[in-house]
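Here the structure is a predicted model, which means the values were calculated and not measured. In what follows, chains are A, B, ... by sequence order, proteins preceding strands, each numbered from 1.
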Protein chains: 2
Amino acid sequence: MPNIKMIARKAGVSISTVSRVMNGSKPVSPDLQKRVYDAVQQMNYKPNSIARSLILKKTNLIGVVVPDVSNSFHAQLLSGIEEITAQADYGVMICNVYRNMKQQQKYFNLMLERHVDGIILLHENTIEELNEFQKMTNTPLVLASVPLEVPGIPFVGIDEITAAYDAVTHLIEKGHKEIGLIYGDCTALGILRKEGYEKAMRDHGLTMKEKYLTQCPCSVDHGYQAMEQLLCSGSHPTAVFCVSDEMAVGAMDCAYDKGLRVPEDISFVGFDDIEISQVVRPRLTTIHQPIKEIGKEAARLLIEMIEKKSGSMKHSGKDQAASDESRIILKHSLVERGTV
Amino acid sequence: MPNIKMIARKAGVSISTVSRVMNGSKPVSPDLQKRVYDAVQQMNYKPNSIARSLILKKTNLIGVVVPDVSNSFHAQLLSGIEEITAQADYGVMICNVYRNMKQQQKYFNLMLERHVDGIILLHENTIEELNEFQKMTNTPLVLASVPLEVPGIPFVGIDEITAAYDAVTHLIEKGHKEIGLIYGDCTALGILRKEGYEKAMRDHGLTMKEKYLTQCPCSVDHGYQAMEQLLCSGSHPTAVFCVSDEMAVGAMDCAYDKGLRVPEDISFVGFDDIEISQVVRPRLTTIHQPIKEIGKEAARLLIEMIEKKSGSMKHSGKDQAASDESRIILKHSLVERGTV
DNA sequence: CTGTTAGCGCATTCAA
DNA sequence: TTGAATGCGCTAACAG
C-alpha cells in the first residue's frame, strides 16, 4: 500500500499538499490538484485511517455491545444501527457478551483501548457499572432498548410499561379475566413489562393469581416449560401475556400439545413482533416494536453526541452537557393477529 | 486517558521501560517493573491500540462483509465468528451490504483504509471482484458459506450439491416422484443446490417438469408467491424441495391456505435449519447446516492465515503461499421432522 | 497558495 | 538492564 509520501514524490509536491487535496482542508491550485489526483489514481492510494485516527483523535468507529447477535431482536437492532452509521461513515465493531456476562468490564476496556468514538449498549449493565464507566471516560454512550435511567446516558426505545399495559388491556377488553403472565429475568426490561401487566390488572379491577405467574428465561423452550408449569395446576387461565415472542411461541406450543386450542381455549399475546410471530399458526397477536427504528435512532443520537463533543472541544476545550434528548420514546402498537 | 509518557514520568522511568513491561518484550528489573505496574494501576493506563497498530502494522481487527445481519442465517454465522475472534483478541467490524450490492468495492476500500488484518465474506462477490481485490492487497480473505472456487481464497461451508441431493433423495425414498423445486437467485449457492436437485432426479430416473420449477428471492413472502405459481397450473407436485427454510415456510403457508394438508397432500423439505423451521407446524424437515461452526472455522482459519503471514514476513520478507486448507467442508445432515 | 516542521502514542533500534 | 533517539503515516501550525 502506497503512503502519502510516495504520492507526494510521484506528484512532485509536498506531503502537505497531498493531505490538503485529500481532505479539501485548504485551497490548492488546479495544477497541483490534478497532479495529485493522477498520482492517487495510478497508485490506488488510500489514506491510512489508523494514522489519521492517531492524530485526529477520532476513529470513526462505534462499538456495539450486544448480548447475542444471533438473537433476532438484537440482530435487527444492529441492522438499524449499521444502516445509519454506514451513511455517516462510521464503522461498527461488535462485542458479543453472550454467556460471559461477568466480563463486561473487559469489553468496556477493549473499546476504550481501541478508542471507539461512542458506544451503543444493547445489553443491560448495572447502574454501578455504567457510572463507573462514565467516571473513567467521557466516551458517549447510548442505551438502545435498555430502559435504565442514568444521568448523561440517553435511552432509545419504547414505553415498556404502557406497551405491556396495552397488551393486557387488549386481553381484558376481549373479555378475559383470568390472565396469566410469563415473564423474564430481573432486568429493567422484565420488571417494567411485569409492572405494566400488574397495572392493567389493577386498573381493571382484576385480581392476579400467584399460580398464573411464571418466570423463565427468554427462549422458545423455556416458554414451553413455563407454560407446562402454568398448566399443571389443573385449572388454567383463559389468556396468557408473555413478555417476549419467543416465550409466547413456546407457550402456545405447549398449549397445543396439551390439547388446548388457540385462541378458542386459551389466548396469547406476545411482545416484540419478531419474525417468528408471523410464521407460527395461528399468527401471534403481539406488541409491535419498531426495532430497526430504535437502532437507527440510537445510532443517530450517538453520532450527534460524538460530533457535538468534538465540536465543543475545539471551541471551549471543556465538555458540553450531553445531548438534551435524554429519552427517545418510539411508538409501539398492538398488532392483532390470530391468538386472541 | 493517560499515555505512556505520563506513566513513565509517574514511575520515574523512560517510556521504553514502560513499553517493555507492558509487552514483556525485554527483561526489566523487578524494582522498575513494580514502579511501572503501580503507576499503571493508579492512573488506569491502557495502551493506545491505535498507536500500536500504526507502528506494528497490525490492527487486530477483522472485517466481516455480510449481506444482511438481521437475517438469521448470517446472524448465526456472525455469532460463531465473534466467538473465536474474541478469544484470539481480535475485534470484528461488520459491513452490511444489504441492498446496495453494487458498492462492495466501497466496502473493500473501507476495510483496506482501516487496515483490517483479514476479511470474512458472507456475501457473494463476483470472481472478478475477488481477483481484483487480491491483486490490490494481500489481506487474507475467507469465504464462509459462499461456495466459490478462487485460488488463494479458502472456503468454509458444506457440500452444497450433496446436501441438496440428500434432501431430494429423501423425498424420493419416501415414494415421491413428482418433485417440485423452489430455488433462488443465480448465486453460486443457488446454482449448486439446484444442481443437487437435478442430479438426484436424474440418478433416480425421475423427470423434472418445467412447470414445477420456480425461482424466487429467499424470503418467506417470496416462497409463498412461488408456491402460488406452482399451484396455479391445476396439477401440483406431491413434494417440493425449497433451497432455503424461509422459502419453505412461505410455501407451506401457501399450501395450507389453498387447503392442502402437509404432509398428507404435499411434502416439503427446506434447507439451512434456521430457527423458524422448528417453530412452524408441522416442524419443517430440512437440511441441517452447522452454521455457527462454519463461522467458527472460518474465523479460526482466517486468524491462522493472518498469524502465518505476519510470522513469515518477519523471517523471509516475502509472502508464503496461503494456507493449505483451501476448502473446509463441514458435515450437513438431514433432520426429519414433520413435513414429509 | 505551498513547503517545512513538529508531533499524535507507541515499539524498537542503538548506545551507554 | 536502561534511556535517548528514530519513525510508523498523517494533519496542522508556521513560515514563506
Report yes or no: do [X] and [Y] form a side-chain donor-acceptor pair below 3.5 Å?
X	Y	value
A:Asp68	A:Ser70	yes
A:Lys58	A:Asn60	yes
A:Asn109	A:Arg114	no
A:Ser16	A:Ser19	no

Please give, in whole Å, the distance from [N] [atom2] to [X] [atom1]?
X	N	atom1	atom2	value
A:Leu56	C:dG9	CG	P	13 Å
A:Ile50	C:dG9	CD1	C1'	13 Å
A:Ile7	D:dT11	CD1	P	13 Å
B:Glu113	D:dG9	CD	P	15 Å
A:Ile55	C:dT5	CD1	P	16 Å
A:Lys58	D:dT11	NZ	P	14 Å
A:His115	C:dG9	NE2	P	9 Å
B:Met6	C:dC10	CE	C1'	15 Å

Exercise for the section: Check every strand shown and say whether B:Ser19 touches a base, only sugar-phosphate, or nothing at a heavy-atom separation below 4.0 Å. Expected result: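 Answer is base: heavy atoms of B:Ser19 come under 4.0 Å of a base.
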Practice task
Would you mind classifying the nucleic acid contact of B:Ile15 as base, sugar-phosphate or nothing, using non-hydrogen atoms under 4.0 angstrom?
Solution key: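 Answer is base: heavy atoms of B:Ile15 come under 4.0 Å of a base.
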Side chain of [X] - closest among [options]:
X	options	value
A:Pro47	D:dC10, D:dT2, C:dG3	D:dC10
A:Lys5	D:dT2, D:dC8, C:dA11	D:dC8
B:Leu54	C:dT4, D:dC10, D:dC8	D:dC8
A:Leu32	C:dT2, C:dC8, D:dC10	C:dT2
B:Val28	C:dA11, D:dT2, C:dG3	D:dT2
B:Ala51	D:dG3, C:dC8, C:dC10	C:dC10

Handout entry: CE-CE distance between A:Met1 and B:Met136, expressed to the nearest 0.5 angstrom
Key =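 Between atom CE of A:Met1 and atom CE of B:Met136 there are 8.0 Å.
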Practice task
For B:Arg20 and for A:Gln33, locate the closest nucleotide of DNA chain C by heavy-atom distance; then report the residue assigned to the nucleotide nearer the 5' terminus.
Solution key: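 Residue closer to the 5' terminus by nearest nucleotide: A:Gln33.
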Handout entry: Any N/O donor-acceptor pair, A:Ser16 side-chain to C:dT4 base, under 3.5 Å
Key =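 Flag set: donor-acceptor pair detected.
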Side-chain N or O of [X] less than 4.0 angstrom from OP1 or OP2 on [N]?
X	N	value
B:Asn48	C:dG9	no
B:Arg52	C:dC10	no
B:Ser29	D:dT1	no
A:Lys57	D:dT11	no
B:Ser14	D:dA4	no
B:Asn3	C:dC8	no

Problem - Closest-nucleotide 5' rank along DNA chain D - winner of B:Lys26 and A:Ser49 - result: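 Result: B:Lys26.
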Exercise for the section: Check the pair A:Lys296 / A:Glu293 against salt bridge (Lys or Arg N to Asp or Glu O under 4.0 Å), numbers first and verdict last. Expected result: CA-CA 5 Å; A:Lys296 287 171 141 188; A:Glu293 278 307 315; 3.7 Å; yes
